[in-house]
Each structure stands twice: as structure tokens, then as C-alpha cells.
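Below: one structure, written as C-alpha cells.
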Amino acid sequence: MAMASLQLNNAIAKPFFMGVRPSSSYKNSVGRIRCAATTPSKRYTITLLPGDGIGPEVISVATNVLKLAASLEGIEFDFQEMPVGGAALDSTGLPLPAETLSAAKQSDAVLLGAIGGYKWDKNEKHLKPETGLLQLRAGLQVFANLRPAIVLPQLVDASTLKKEVAEGVDLMVVRELTGGIYFGKPRGFSVNENGQEIGFNTEVYAAHEIDRIARVAFETARKRSGKLCSVDKANVLEASIFWRKRVTAIASEYPDVELSHMYVDNAAMQLVRDPKQFDTIVTNNIFGDILSDEASMITGSIGMLPSASLGESGPGLFEPIHGSAPDIAGQDKANPLATVLSAAMLLKYGLGEENAAKRIEAAVLDTLSRGYRTGDIYSAGNKLVGCKEMGEEVLKSVDSQVPAPV
């Protein structure tokens with residue numbers, strides 16, 4: 001079984017896309033989908049979790065791209081599709097059935113679509129789709145969430161920021177994923193001394209939880225530009241004071257990495273004021289959730305950003321950072337590229353198959369260079385397409401064997 005831990009020590013030398021050149025000789029004629037370039041020599045088991053809303057649509061596209069890119073490198077997959085989130089609630093009564101978690105644990109990697117929707121919003125907490133996602137992350141013990149945010153040259157005009165601010169942004173958010181306020185105890189509902197109802201959660205981190213995510217972040221920064229910004233709220237929160245203390249202590253192991261600290265409110269402001277000042281950001285669970293979504297909009301659309309969640313052992317979890325978008329589900333309007341790029345991260349960080357990953361990354365850039373856009377990234381002069389057609393165009397670029405980055 002492929003181990004995600006193998007990839008933690010090789011966290012992003014440079015994020016995908018950088019150095020990728022779209023093929024200048026690509027012809028717009030419909031390409032023939034080729035068979036494997038070589039006799040398959042490697043085989044992996046992948047658990048597919050389509051989930052809810054647009055999840056099944058984007059997973060379908062990403063799976064086709066994953067299969068083709070891998071086949072050209074002599075790789076085959078055994079796919080097993082399992083329910084999670086609202087789909088699992090409807091079929092089994094649980095947001096994460098035991099069978100789904102067991103299948104995920106026994107696979108080489110897990111590819112997730114999206115979970116949630118209006119249908120289940122009024123469910124009790126333990127019966128919400130989001131609870132299934134938290135249980136999945138905890139069950140797989142994937143504590144390090146890598147979320148890259150890169151403004152592609154083809155999409156700089158899609159950013160809501162001025163071109164001179166957005167152009168050239170290339171940052172990585174390393175988010176702690178299995179601790180903090182999302183998992184801390186005590187939590188729940190009660191009544192205070194005045195007889196009023198209250199809800200409460202606990203932001204708590206143990207030293208080992210901070211130390212391990214800090215090391216992932218320092219390793220990531222070391223292989224990028226050597227700059228790491230740790231984001232906390234140490235002027236107010238004891239948990240953040242402790243976070244800063246531990247990150248600073250771990251910094252002594254990485255004298256070649258420049259460490260800085262920033263309060264989360266300032267970091268949120270600086271991300272839209274001058275995002276190019278950041279290279280690698282490390283932060284806790286809740287701050288990482290918020291800041292990575294903010295960073296995604298700098299790139300033009302949350303529909304473009306993938307993520308990888310890795311642990312010390314076992315399979316990694318790969319998913320787009322966008323939600324289930326129930327308002328457009330089933331209408332062929334979703335942008336599948338975040339999920340396609342999550343499949344590339346699965347190949348690179350989950351399986352160590354970098355060549356196949358580069359084929360996907362190059363194909364996405366080539367497709368964008370040829371002017372294809374879903375609604376969320378559309379601008380005048382380009383061709384508006386739906387989810388399925390965008391997937392077909394990416395497949396053409398993969399099949400044309402567009403030169404991958406060196």
C-alpha cells in the first residue's frame with residue numbers, strides 16, 4: 001500500500017503549474033484516446049467518494065483524466081466507489097458508514113468530491129454530512145492539509161484583485177486538520193449561571209500536534225523559497241500562545257528557513273493587500289479553513305483549487321476545496337478542474353507517480369491556454385463550456401501528450 005508519509009518528506013518542491021508550458025503545436029482536432037503506452041506495471045486501489053451536489057459530476061471527470069494520464073505511464077487502478085456525506089445518510093442513515101471508512105483505509109489513496117446540501121441542513125449535528133467528513137479525516141489520521149493557491153497567467157483577469165496585485169501569486173497554506181476547535185473537548189450545549197442556553201467549543205492543541213504540522217510546513221517552505229509565516233492569535237488566545245511557542249522551538253531545526261509570525265486578522269487583510277509577500281503559511285484548523293478559502297479567490301475561483309491531506313502512514317485524502325454547490329448540481333455548470341488537479345496531487349503525493357501527475361497539470365494549463373472556461377472563470381473572448389466538455393478538453397490535452405514540466 002502506498003504511504004502518505006513518503007510524501008510528507010517531499011512536500012512540494014514547487015507547486016504544480018510552475019514551469020509548465022502549454023503545447024504550441026496542439027491542434028484543435030478531436031484526439032483519439034490511446035491505450036496505455038506500456039504494459040501496466042503498477043496497480044493501485046483508489047477509493048472514490050463522490051458525495052453530494054456537484055461531487056459526482058466532478059469526480060466522474062477527474063476519474064477519467066486520472067485513468068488516462070496513468071495509463072500512459074503504465075499504471076492501472078482498481079476503483080471502488082463508496083457513499084459519504086448526505087448520500088450516505090440517505091442510503092445508510094450515517095454520514096460515514098463503517099464500510100466506507102474501512103474501504104478508504106485499505107486503499108492506496110482516496111479521492112473525494114464534495115459533501116453537504118440544503119436537504120440536510122436541519123439535521124442534528126451527528127447526522128450532518130459535514131460530520132462524516134470530519135470523521136473521515138480523523139479515521140484516516142490525515143493531519144496535514146496542503147492547499148496551494150496559484151494565480152495562473154491564463155486566469156489573472158479572473159481574480160477579483162487588481163492585476164498588479166494578483167499576478168504572480170504562488171503560495172501554499174499548510175493547515176492542521178485533525179485538532180483544534182473542530183475536534184476539541186469539552187464541546188456541546190448547556191445552560192449558564194443566568195439560566196441562558198449556551199453553545200461551547202474548545203480550541204486545544206497538544207505539543208505533538210503542533211510540532212508535527214510545523215515540521216511539515218518547514219519542510220514545505222524549505223523546498224519552496226525558504227519563507228514560512230505562522231498565523232495565530234497569540235495576543236488573545238492561550239492556545240495560540242502555545243502554538244507560537246512550539247513553532248518557534250521547531251524553527252531551530254530549520255535554520256535555513258526564515259520564520260515570521262502574524263495574527264490571523266492581519267493575515268486576512270494582508271492576503272488581499274499584498275498576497276505576494278507570502279510563500280508558505282502554517283496555521284491551525286479553523287484559521288486554515290478560512291484563510292485558504294480567502295486565498296482561493298485571489299486565483300479567480302474556488303473551483304480551481306485542489307488539496308491534499310496527508311498523515312504519517314496510510315492513504316492520503318485528496319479533494320477540491322470547494323463545496324457541493326447544490327444550486328448548480330446536475331446542471332453541467334461545475335468547474336471540474338479543482339478535482340482534476342486533486343487527482344494530480346493524488347498521483348504526486350499519494351502514490352509518488354510524478355510523471356503521471358505532470359501530464360495532468362500540463363493538460364489543465366493547455367486546456368486553459370486554448371481558451372476553454374467554465375462559468376466561474378469565464379471572461380469575454382473565451383469559450384464557455386460545461387463540466388463535461390471541460391473534462392473532454394482536458395482528456396484531449398492529456399492524450400496529445402502535451403509536454404510536461406521539467
Quick one, Pro129 and Pro95 - any side-chain contact, counting heavy atoms below 4.5 Å?
no
N/O donor-acceptor pair under 3.5 Å between Gln331 side chain and Asp327 backbone:
yes
Could you check whether Glu353 pairs with Lys348 (Lys NZ or Arg NE/NH1/NH2 to Asp/Glu carboxylate O, under 4.0 Å)?
no
Exam field: side chain Glu130 to backbone Ile115, donor-acceptor pair closer than 3.5 Å
no
Derivation and outcome, side chain to side chain contact (heavy atoms under 4.5 Å, CB included), residues Lys125 and Thr131:
CA-CA 7 Å; Lys125 185 176 181 299; Thr131 297; 4.2 Å; yes
Applying side chain to side chain contact (heavy atoms under 4.5 Å, CB included) to Phe318 and Val142, what does each step give before you reach the verdict?
CA-CA 10 Å; Phe318 303 86; Val142 286; over 6 Å; no
Short side-chain donor-acceptor distance under 3.5 Å, Trp120 and Asp52:
no
The side-chain contact (heavy atoms from CB on, under 4.5 Å) partner of Val264 among Leu291, Thr283, Ile286 is Leu291
Could you tell me if the side chain of Val174 sits less than 4.5 Å from the side chain of Ile213, heavy atoms only?
yes
Ion pair present between Asp376 and Lys333, side-chain N to carboxylate O less than 4.0 angstrom?
no
Verify, without hydrogens or angle tests, whether Glu176 (side chain) and Gly179 (backbone) share a donor-acceptor contact under 3.5 angstrom.
yes
Can you confirm whether Phe200 is buried at CZ, in the sense that more than 12 heavy atoms of other residues, nucleotides or ligands lie under 6.0 Å from that atom?
yes
Among Asp279, Leu146, Leu228, find the residue that satisfies the side-chain contact (heavy atoms from CB on, under 4.5 Å) test when tested with Met172.
Leu146
Test side chain to side chain contact (heavy atoms under 4.5 Å, CB included) on Glu393 and Val385 and set out the steps.
CA-CA 10 Å; Glu393 292 302 326; Val385 295; 5.7 Å; no
Looking at CZ of Arg370 and CG of Leu365, how far apart are the two atoms once the value is rounded to the nearest 0.5 Å?
11.5 Å
Salt-bridge test for Asp293 and Arg147: reply yes if a basic N is under 4.0 Å from a carboxylate O, no otherwise.
yes
Euclidean distance, Leu66 CG relative to Thr339 OG1, rounded to 0.5 Å:
12.0 Å
Is there side-chain contact between Leu317 and Leu111, with at least one heavy-atom pair below 4.5 Å?
no
Phe278: partners by ring pair (Phe, Tyr, Trp, His ring centres under 6.0 Å), with sequence neighbours left out
none
Distance, nearest 0.5 Å, that separates CG of Asn145 from CG of Leu177:
5.0 Å
Is any side-chain N of the basic residue among Arg244 and Asp232 closer than 4.0 Å to the acidic one's carboxylate O?
yes
Pair Lys396 + Asp366: basic N to acidic O under 4.0 Å
no
Between Ser324 and Gly53, is there a donor-acceptor pair closer than 3.5 Å when you use the side chain of the first and the backbone of the second?
no
Between Ser159 (side chain only) and Ile298 (backbone N and O only), is there a donor and an acceptor less than 3.5 Å apart?
yes
For a quick check under 3.5 Å, do Ser301 and His322 share a side-chain donor-acceptor pair by atom type?
no
Glu238 CD: over 12 foreign heavy atoms closer than 6.0 Å
no
Can you tell me how far apart CG (Leu259) and OG (Ser230) are? Round to the nearest 0.5 Å.
6.5 Å
Working to the nearest 0.5 Å, report the span between CG of Leu152 and CD1 of Ile150.
7.0 Å
Minimum side-chain heavy-atom gap Pro315-Leu140 below 4.5 Å:
yes
Does a side chain donor of either Asn266 or Gln270 reach within less than 3.5 Å of an acceptor in the other side chain?
yes
Below 4.5 Å, heavy atoms only, C-beta onward: do Thr160 and Val272 meet side chain to side chain?
no
Do we see a donor-acceptor contact under 3.5 Å between the side chains of Glu203 and Asn284?
yes
Regarding Asn201 and Tyr182, do their side chains bring together a donor and an acceptor under 3.5 Å, going by distance alone?
no
Glu319 side chain to Ser342 side chain, donor-acceptor N/O pair below 3.5 angstrom:
no
For the residue pair Leu161 and Val165, what are the closest heavy atoms and their distance?
CD1-CG1, 3.8 Å
Donor on one side chain, acceptor on other, Gln106 and Ser102, under 3.5 Å:
yes
Return yes if some donor-acceptor pair links the side-chain N/O of Glu73 with the main-chain N/O of Ala70 below 3.5 Å, else return no.
no
Give a yes-or-no answer on whether the side chains of Ser379 and Asp157 include a donor-acceptor pair shorter than 3.5 Å.
no
Look only at the side chain of Ser60 and the backbone of Pro56, and say whether a donor-acceptor pair between them is shorter than 3.5 Å.
no
If we ignore hydrogens and angles and just use 3.5 Å, is the side chain of Ser252 paired with the main-chain N or O of Ala249 as donor and acceptor?
yes
Provide the closest heavy-atom pair for Leu171 versus Pro275 in the form atom of the first, atom of the second, distance.
CD2-O, 4.0 Å
Rounded to the nearest 0.5 Å, how far apart are CD1 of Ile360 and CE of Met345?
12.0 Å
Can you tell me if Asp108 uses its side chain to pair, donor with acceptor, with the backbone of Thr45 under 3.5 Å?
yes
Go through the steps to decide whether Gln141 and Glu312 satisfy the test side chain to side chain donor-acceptor pair (under 3.5 Å), and finish with yes or no.
CA-CA 8 Å; Gln141 298 181 33; Glu312 293 174 343; over 6 Å; no
Does the pair Lys276/Asp170 count as a salt bridge with the N-to-O cut at 4.0 Å?
no
Side chain to side chain contact (heavy atoms under 4.5 Å, CB included) for Met390 and Lys383? Distances and angles first, verdict last.
CA-CA 10 Å; Met390 180 64 90; Lys383 183 178 180 181; over 6 Å; no
Of all pairs that satisfy ring-ring contact (aromatic ring centres under 6.0 Å, His included), the ones with a partner from residues 65-107, not counting sequence neighbours:
Phe77-Phe79
Would you confirm whether Arg175, through its side chain, and Ala144, through its main-chain N or O, come within 3.5 Å as a donor-acceptor pair?
no
Cation-aromatic face contact Arg212/Phe143, 6.0 Å, 45 degrees
yes
